[in-house]
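Here the structure comes first, spelled out in structure tokens, and everything after it is commentary.
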Amino acid sequence: MSTTAELLKGAAELFPDEVVTSAHVRHLDLPFGAGRFALITLDNGFDHTKPTTFGPQSLANLDAAIDQVEAEAAAGDIVGVGITGKPFIFAVGADLKGVELLKEHKDALAIGKGGHEVFKRLAGIAVPTFAYYNGAAMGGGVEVGLHCEYRTVSKALPAFSLPEVFLGLVPGWGGCTILPNLIGADKAVSVIIENSLNQNKQLKGSQVFDLGIADALFEGADFLEQSLIWTAQVLKGDVKVERPVIDRGEAWDQAVARGRFIADSKVHGAAPAAYRALDIIAAAKNGDLQQGYDAEDVALADLIMGGELRSGIYAFNLVQKRAKRPAGAPDKSLARPVTKVGVVGAGLMASQLALLFLRRLEVPVVLTDIDQERVDKGVGYVHAEIEKLLGKGRINQDKANRLKALVTGVLDKAEGFSDADFVIEAVFEEIGVKQQVFAEVEAVAPAHAVFATNTSSLSVSEMASKLKNPERVVGFHFFNPVAILPLLEIVRGEQTDDASLATAFAVAKKLKKTAVLTKDAPAFVVNRILTRFMGEIQNVIDEGTSVEVAEKAVEPLGLPMSPLVLLELVGPAIGLHVSETLNRAFPERFTVSPNLAAVVKAGKRGFYVYSAENGFKPELDPEVAALLKQGDSVLTEEQVRERVLDAVAQEIGLMLDEGVVAEAQDIDLCLITGAGWPFHLGGITPYLDREGVSERVNGKKFLAPGVASVPA
């Protein structure tokens, strides 16, 4: 048995639930008399929607296939070797289910070395090797292709990436080393660092070709056939693949520096993966591939045993699995069909909602408001957005016309809602206004219609309390921008029945939103946590700590934006309103900042101003600075951070005790999908556990051992 086979056999024992990928070898005669060719196809035997991954046994299967073709190449029986995937999927990388079970550094190191040894054997075959990226390729799927001499890619390929940094790893099977040597350091930094930290941005097939990762681009319908024709032309010398000379001078160093700037702006030094990847890219400048592979092995093992990866995998599983099976959702068979949607209000939020329902459900959508001008403006917004989609080629003219015809606006709720199955309100955030709106809707809507409120903090139960049928009111809280943020908090009021709730979840699924069931508690989940978080920041500022220190204190969390920049995005008036709501509910923990109130009263849009002279970096607005009234209690960054994290841990503990959501996992899912909190934190609870905050504040961790952490 070879050293590689022994290594993989030992590692396989650590992956008991691996979905094994096979590597089938078949032979064919290339066109134009180019000769006999061996084609390896990766296939895990599942349907074509299931991803193909690499665990130890899967790598062993590929290793055995390479044994076969290597012998055939040495004997002169074949002129080349190709590798491709099953229809629509090439391969999507390492088996993360097994990786999260690893307990020892040496085992993690073995996984890195095992992948390298197999992929290097592919690169060392004595005949030309070809990778045919026929479908989704990520992580190790990309890297196995990078070890080939030539690559083609399908125009229909939907997703191509090296997402490891996003999860808390490095591309550890050649990605950090080969890619910059293939396409240059700057482009490699874009793929490995920038795209990954930009919410795991995916490349399309044409972009893969434009970057120079692939040498040829073909249509999806006959991709493999065209790739084999091109392969024959390459082998016969009729096609010459020319690649640019890589700049190994100052440009390489500048690219790495750009990568560090991107990492600093995204994670502020709080997460190590991006920096480890950049160190390997920097060292790859000398072209020594083996040195790079060795560095990848060590980095991979170190990161596998670190908290960032465990949190990243935990977050990935929340978004990919838990989000598809919402905890506490009623039997979906109870859901009623929705064939028409009513929207009360025609302002910006209401118009965004109308557009979303229209695009996803493709049913009639009718908006109402208090005057014709507002109604016309709302319908006009929807029409304009449809025109933008048409202009970008995302829909054709027929669909654009059909969607426009489906959206209407009326003043008379009886005319608009008499046959609506689902009515959502997005009016002024005041309980009396919303109660009046629902009373008017109930008087004209059919008996089966579900009434949804987009309230961000008000009581759904109180909103429904004056209706004849309060059981059909649900909270349906979207996050702005509606089209981008996935989270939808579905709130069950005290009297909401299962059928209404099931209908809400069914609609959420059609809207392609991540639905989380929450109890009817003040501000629900995201706004409650963020308000406590930002409230402590405002408190320390009010007490005397500078704005700069208060903001910098939470940079180690690597949040997508600082608290006061987030406040600017939300709007100070909305932030003040939510803090007032929570102050009424929990005055002992939620304060109303007098400085924030002063900023709102002055009509300021935020605490900062931006100028071209300063590179549009946030600077404290002098007018805001003049408004601030502070005490003389000045804290350090460390003291501020401890105070903020303690407050958040306390609030989450109380929310779980109150049953606001089913488990801590739902808290994290909400923060990731509704507030953009990073994967490397796993939302927040894994971080609080890892830093000892949970036990310090609540006397116990939020998550069980082995959940977002190394198994005991």
Side-chain angles (χ1 to χ4, degrees), residues 42 52 54 81-85 88-93 115 119-120 122-123 128-166 170-198 200-220 223-224 226-227 230-231 234 239-248 251-252 255 258-259 277 280-281 284-285 287 289 292-293 296:
L42 303 171
T52 302
F54 292 123
V81 175
I83 185 168
T84 192
F88 314 118
I89 295 176
F90 184 78
V92 297
F119 290 1
K120 281 193 301 182
L122 186 63
T129 52
F130 299 78
Y132 307 131
Y133 291 123
N134 63 308
M138 301 174 197
V142 170
E143 290 169 304
V144 70
L146 292 178
H147 282 76
C148 294
E149 190 173 351
Y150 304 99
R151 286 158 295 280
T152 67
V153 66
S154 168
K155 286 185 180 180
L157 181 146
F160 183 104
S161 66
L162 289 171
E164 287 85 352
V165 167
F166 179 66
V170 298
W173 285 339
C176 288
T177 302
I178 299 174
L179 194 62
N181 280 288
L182 176 67
I183 63 174
D186 196 61
K187 291 179 180 178
V189 163
S190 293
V191 175
I192 295 170
I193 306 297
E194 187 171 19
N195 288 359
S196 197
L197 291 179
N198 187 20
N200 192 21
K201 179 182 176 182
Q202 300 293 313
L203 299 170
K204 303 295 185 184
S206 58
Q207 294 171 306
V208 174
F209 173 71
D210 291 341
L211 283 167
I213 299 173
D215 304 306
L217 176 70
F218 300 114
E219 295 290 346
F223 169 72
L224 185 57
Q226 292 301 317
S227 293
W230 180 83
T231 297
V234 169
V239 169
K240 301 288 186 184
V241 174
E242 297 182 0
R243 300 191 178 114
V245 176
I246 301 302
D247 187 335
R248 299 182 184 278
W252 193 291
R258 183 175 75 88
I280 299 169
I281 293 171
K285 179 180 177 180
L289 297 184
Y293 298 159
E296 287 174 352

Would you sort out whether Val234 and Phe130 count as a side-chain contact (heavy atoms from CB on, under 4.5 Å), showing the intermediate values? CA-CA 10 Å; Val234 169; Phe130 299 78; 4.2 Å; yes
Would you check, one step at a time, whether the test side-chain contact (heavy atoms from CB on, under 4.5 Å) holds for Asn134 with Leu224? CA-CA 7 Å; Asn134 63 308; Leu224 185 57; over 6 Å; no
Going through the distances and angles, do Tyr133 and Val142 end up as a side-chain contact (heavy atoms from CB on, under 4.5 Å)? CA-CA 8 Å; Tyr133 291 123; Val142 170; 4.2 Å; yes
Ser196 and Leu162: side-chain contact (heavy atoms from CB on, under 4.5 Å), yes or no, with the steps? CA-CA 7 Å; Ser196 197; Leu162 289 171; over 6 Å; no
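The six-membered or imidazole ring of Phe54 lies near that of Phe119, with a centre-to-centre distance under 6.0 Å.
Using a distance-only test at 3.5 Å, with no hydrogens or angles considered, a donor-acceptor pair links the side chain of Thr129 to the main chain of Glu149. The backbone N or O of Glu219 lies less than 3.5 Å from no partner atom in the side chain of Gln226, so there is not a single donor-acceptor pair. Not one N or O on the side chain of Arg151 forms a donor-acceptor pair closer than 3.5 Å with the backbone of Asp215. Looking only at distances, no side-chain donor or acceptor of Asp186 sits under 3.5 Å from a matching main-chain atom of Ala255. Side chain of Lys155 to main chain of Phe218: no donor-acceptor pair is present (N/O by atom type, distance under 3.5 Å, no hydrogens or angles).
Contact record, Ala277 with Val165: CB-CG2, 4.1 Å, taken as the closest heavy-atom pair. The nearest pair of heavy atoms linking Phe90 to Ile83 is CE1-O, 3.6 Å. Looking at every heavy atom in both residues, Thr52 comes nearest to Ile89 through N-CG2, 3.9 Å.
To the nearest 0.5 Å, the span separating OG on Ser161 from CD1 on Ile192 amounts to 11.5 Å. Here CG of Leu217 is found 11.0 Å from CD of Gln207. Values are rounded to the nearest 0.5 Å.
More than 12 heavy atoms of other shown residues, nucleotides or ligands fall within 6.0 angstrom of atom NZ in Lys120.
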